[in-house]
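Note: hydrogens, waters and symmetry copies are ignored here, and every other heavy atom, side chains too, is used. Residue numbers start at 1 and run along the sequence shown.
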Amino acid sequence: MKNKKSKNYLVFGFIVLLVAILIILIVSSKSNKINTNLNLSEKRWIEDNKKKVINVSIANNIPAFSNEGEGIFFSFIKKMEDKTDLSFNLISYDPSGETEKNELYYEVIKNDKVSSLSDDSMVFYKDYYVLVGKNSDKITDPSSIDGKKIGVLKSDLSSVSFYITGNNNSFNTYDKQDEVLSSLTDGKVDYIAVPKMRCYSYILSNNYHIVYNITEMKEAYVLKTSKSSSDDLKSIVNKSFIEYKNNKLDKEYSNYLNEFLLSENKISETMKDDFSKKKYVYGYIVNKPYDSMINNRLIGLNSSYINSFSKITGATITFKKYRSVKDLNNALNKNEIDFASNYYNYSELTGKYIKTANVYSNDYVVLVNKDRSDVIVNSAK
C-alpha cells in the first residue's frame with residue numbers, strides 16, 4: 001500500500017514538474033518577443049513632427065522591391081505612414097552608384113559587408129551574384145570555366161576572380177553596372193557576373209541565361225536611419241520594420257515577384273489561372289540531404305526551392321517516390337512526372353528536357369574542432 005502511495009506521489013510530482021517547466025517556457029517565450037507597440041515618448045515625437053516631411057531614399061529599379069513606384073520598399077513606407085500619420089518624401093536613386101543618404105535610406109550592402117551586418121539591422125532581402133550568358137550553358141563547377149571573357153565591375157573583380165577558379169579566363173572591368181550589361185549585349189564578353197535580383201529584368205527581357213550561381217557573393221537590401229535622426233524616430237522605424245517583417249514581408253515578396261515574372265514573361269491572367277489549376281508531380285529518390293519524406297511531407301534542400309516556387313506561382317505540387325534511378329528515368333519517359341532533380345545519369349531519356357542552372361553549390365568542406373592545432377588544411381578555398 002505504501003509503495004502504491006509512493007508511486008502516486010512520484011507521478012503527481014512528475015506532472016507538477018512538467019507543468020512548471022511548461023509555464024516557465026511560455027513566460028520565457030513571451031518575454032523574448034520584441035514589443036512593437038509605440039511608447040509614450042515615441043507617440044509624443046510623432047505628434048510633434050506630423051507637419052515635418054521626412055526624406056526617404058529609395059534604391060530604384062529592383063524587381064519586387066522598387067519597380068515603377070511599386071514594390072516592397074514603397075509598401076513598407078506606405079504602411080508606416082498609415083500607422084503613424086507621418087509624412088514621407090520618397091526620392092529614387094540608382095543603387096549601382098553611390099548611396100543617396102537621407103534621414104531614411106535604403107542601401108544595397110555588398111560582399112564582405114553583408115556578413116558583418118548586426119542582428120538588429122533592418123534587412124529586407126539577401127541576394128547573390130550570378131554568371132549570365134547568351135547561351136544556356138550549364139556550369140556545375142566554376143573550375144570548369146576555361147578561356148572565357150567575363151565582364152565585371154572593378155569593385156567586384158577580386159571577389160569574382162576568387163570564386164571563378166577556371167583556367168585562362170580574362171576579366172573585362174567596368175566602372176558602371178550599365179557598362180557591364182552592355183559588354184554582354186555587344187558581344188565583348190562571354191559572361192557577366194552581376195547581382196541576380198537587380199539584373200533580373202535585363203536577363204529575362206533579353207532571353208539570356210543564368211549559367212552559374214555565385215552564391216558566395218552576396219548583397220543585402222537594408223533600411224538605415226541617418227546618424228542625426230532622433231532616437232525616437234529610429235525606434236519607430238525599427239519597430240515598424242519588425243512588425244512588417246513578421247507579418248507582411250514574405251507574402252508581399254511572393255506577390256510582387258510573381259507579378260514581375262508574369263509581366264516579364266508576358267503571361268496573361270488566363271495562362272496564369274490555367275497554370276495554377278494544374279497539379280505538377282515531382283519525382284524523387286531518397287537522397288539526403290536533398291530529398292527525403294517524413295509524415296508524407298517532402299523535406300531536404302530541394303523542398304525549400306519547390307515550396308517557394310509553389311508559393312510564388314500558386315501551383316499545386318505533389319511528390320512521387322521512386323526506388324532507383326532506372327525507375328525515375330522511366331517515369332520521365334512515360335510522362336508520369338513533370339520534373340525531377342538532375343543529380344543522376346539519365347542515360348536513357350527519350351524526350352526533350354530543359355536543364356536549369358544549379359541552385360546551390362555542393363562543395364565539400366573540412367570541419368575541424370576549433371581546439372585542434374595539429375590539423376593542417378593546405379587547399380581550403
Side-chain angles (χ1 to χ4, degrees), residues 54-77 80 88-132 151-160 162-163 173-184 192-205 210 213-227 229 234 237-238 240-241 244-245 249-250 252-253 256-257 260 264:
I54 301 170
N55 289 328
V56 184
S57 297
I58 303 283
N60 203 21
N61 294 325
I62 303 177
F65 291 88
S66 54
N67 190 29
E68 297 182 353
E70 294 187 352
I72 287 171
F73 293 164
F74 295 97
S75 176
F76 170 72
I77 298 298
M80 187 164 59
F88 297 96
N89 177 40
L90 307 184
I91 304 168
S92 296
Y93 76 95
D94 182 0
S96 65
E98 292 294 322
T99 302
E100 186 172 324
K101 297 182 179 180
N102 276 296
E103 193 150 11
L104 298 180
Y105 59 97
Y106 289 98
E107 183 175 13
V108 177
I109 306 295
K110 299 179 66 174
N111 299 330
D112 294 341
K113 292 181 180 179
V114 175
S115 59
S116 62
L117 287 169
S118 63
D119 291 338
D120 58 355
S121 296
M122 292 181 284
V123 180
F124 280 75
Y125 186 72
K126 287 185 179 179
D127 195 21
Y128 55 86
Y129 275 60
V130 291
L131 210 58
V132 179
V152 297
L153 279 175
K154 284 181 180 178
S155 58
D156 291 333
L157 176 60
S158 61
S159 295
V160 174
F162 180 81
Y163 293 115
T173 59
Y174 302 92
D175 294 316
K176 298 180 179 179
Q177 190 74 65
D178 287 345
E179 294 173 343
V180 176
L181 303 182
S182 296
S183 70
L184 180 62
I192 55 174
V194 293
K196 179 182 176 181
M197 188 60 74
R198 285 200 283 136
C199 297
Y200 217 170
S201 182
Y202 166 82
I203 297 168
L204 294 177
S205 61
I210 295 173
N213 292 308
I214 315 174
T215 54
E216 299 89 349
M217 285 186 67
K218 301 182 185 299
E219 67 176 27
Y221 308 152
V222 183
L223 178 62
K224 294 186 175 183
T225 54
S226 69
K227 292 180 180 179
S229 296
K234 291 177 180 177
V237 175
N238 189 60
S240 298
F241 169 74
Y244 180 76
K245 182 181 178 181
L249 182 54
D250 287 345
E252 291 203 347
Y253 171 73
Y256 282 122
L257 183 61
F260 164 74
E264 287 291 331

(message) With no hydrogens and no angle check, just 3.5 Å: does a side-chain donor-acceptor pair link E264 and S201?
(response)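 On atom types as modelled, these side chains qualify, holding a pair under 3.5 Å.
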(message) Please tell me whether S75 and E252 have a donor and an acceptor in their side chains that are separated by less than 3.5 angstrom.
(response) yes
Could you tell me if the side chain of [Y] sits less than 4.5 Å from the side chain of [X], heavy atoms only?
X	Y	result
I62	M197	yes
F241	V237	no
V108	T99	no
L117	V123	yes
I210	I203	yes
K224	I109	yes
Y105	V56	no
N61	D94	no

(message) Pair N213, Y129 - check side-chain hydrogen bond (donor to acceptor under 3.5 Å, both in side chains), show working.
(response) CA-CA 6 Å; N213 292 308; Y129 275 60; over 6 Å; no
Got a second to check how far [X]'s [atom1] is from [Y]'s [atom2], nearest 0.5 Å?
X	Y	atom1	atom2	value
F88	I54	CZ	CD1	4.5 Å
S66	N60	OG	CG	5.0 Å
M122	S240	CE	OG	9.5 Å
L153	I192	CG	CD1	10.0 Å
E100	E107	CD	CD	12.0 Å
N89	I77	CG	CD1	11.0 Å

(request) Determine, stepwise, if the pair E219 / K113 fulfils salt bridge (Lys or Arg N to Asp or Glu O under 4.0 Å). (result) CA-CA 8 Å; E219 67 176 27; K113 292 181 180 179; over 6 Å; no
(request) Decide salt bridge (Lys or Arg N to Asp or Glu O under 4.0 Å) for K245 and D250; before the verdict, give the C-alpha distance in whole Å, the side-chain angles of both, and the deciding distance to 0.1 Å. (result) CA-CA 7 Å; K245 182 181 178 181; D250 287 345; over 6 Å; no
(message) Is it the case that the ring center of F65 lies less than 6.0 angstrom away from the ring center of Y106?
(response)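 Ring-ring flag for Y106/F65: false, centres at least 6.0 Å apart.
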(request) Tell me whether the centres of the aromatic rings in F260 and Y200 are closer together than 6.0 Å. (result)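 Judged by ring-centre distance (under 6.0 Å), F260 and Y200 do meet the cut-off.
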(request) For S155 and N111, work out which heavy atoms get closest and say how close. (result) O-ND2, 4.5 Å
(request) Indicate the atoms forming the closest heavy-atom contact of G151 with S183, along with that distance. (result)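 Nearest pair, atom of G151 first, then S183: CA-OG, 4.3 Å.
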(request) Give the C-alpha distance, both sets of side-chain angles, the deciding distance and a yes or no for side chain to side chain contact (heavy atoms under 4.5 Å, CB included) between N55 and L104. (result) CA-CA 6 Å; N55 289 328; L104 298 180; over 6 Å; no
(request) Mind running side chain to side chain contact (heavy atoms under 4.5 Å, CB included) on E179 and T173 for me, showing each step along the way? (result) CA-CA 9 Å; E179 294 173 343; T173 59; over 6 Å; no
(request) Could you please spell out the steps behind the side chain to side chain contact (heavy atoms under 4.5 Å, CB included) verdict for K126 and V114? (result) CA-CA 8 Å; K126 287 185 179 179; V114 175; 4.1 Å; yes
(message) Checking ring pair (Phe, Tyr, Trp, His ring centres under 6.0 Å) between F76 and each of Y253, F124, Y256, Y125, which is the one that passes?
(response) F124
(request) Going by the side chain to side chain donor-acceptor pair (under 3.5 Å) test, name the single residue among S57, S229, S226 that passes it with N102. (result) S57
(request) Answer yes or no: is there a donor N or O on one side and an acceptor on the other, between the side chain of S121 and the main chain of S118, under 3.5 Å? (result) yes
(request) Please lay out, stage by stage, how M217 and Y163 fare under the test side chain to side chain contact (heavy atoms under 4.5 Å, CB included). (result) CA-CA 8 Å; M217 285 186 67; Y163 293 115; 3.6 Å; yes
(request) Given salt bridge (Lys or Arg N to Asp or Glu O under 4.0 Å), test R198 with D127 step by step and report yes or no. (result) CA-CA 9 Å; R198 285 200 283 136; D127 195 21; over 6 Å; no
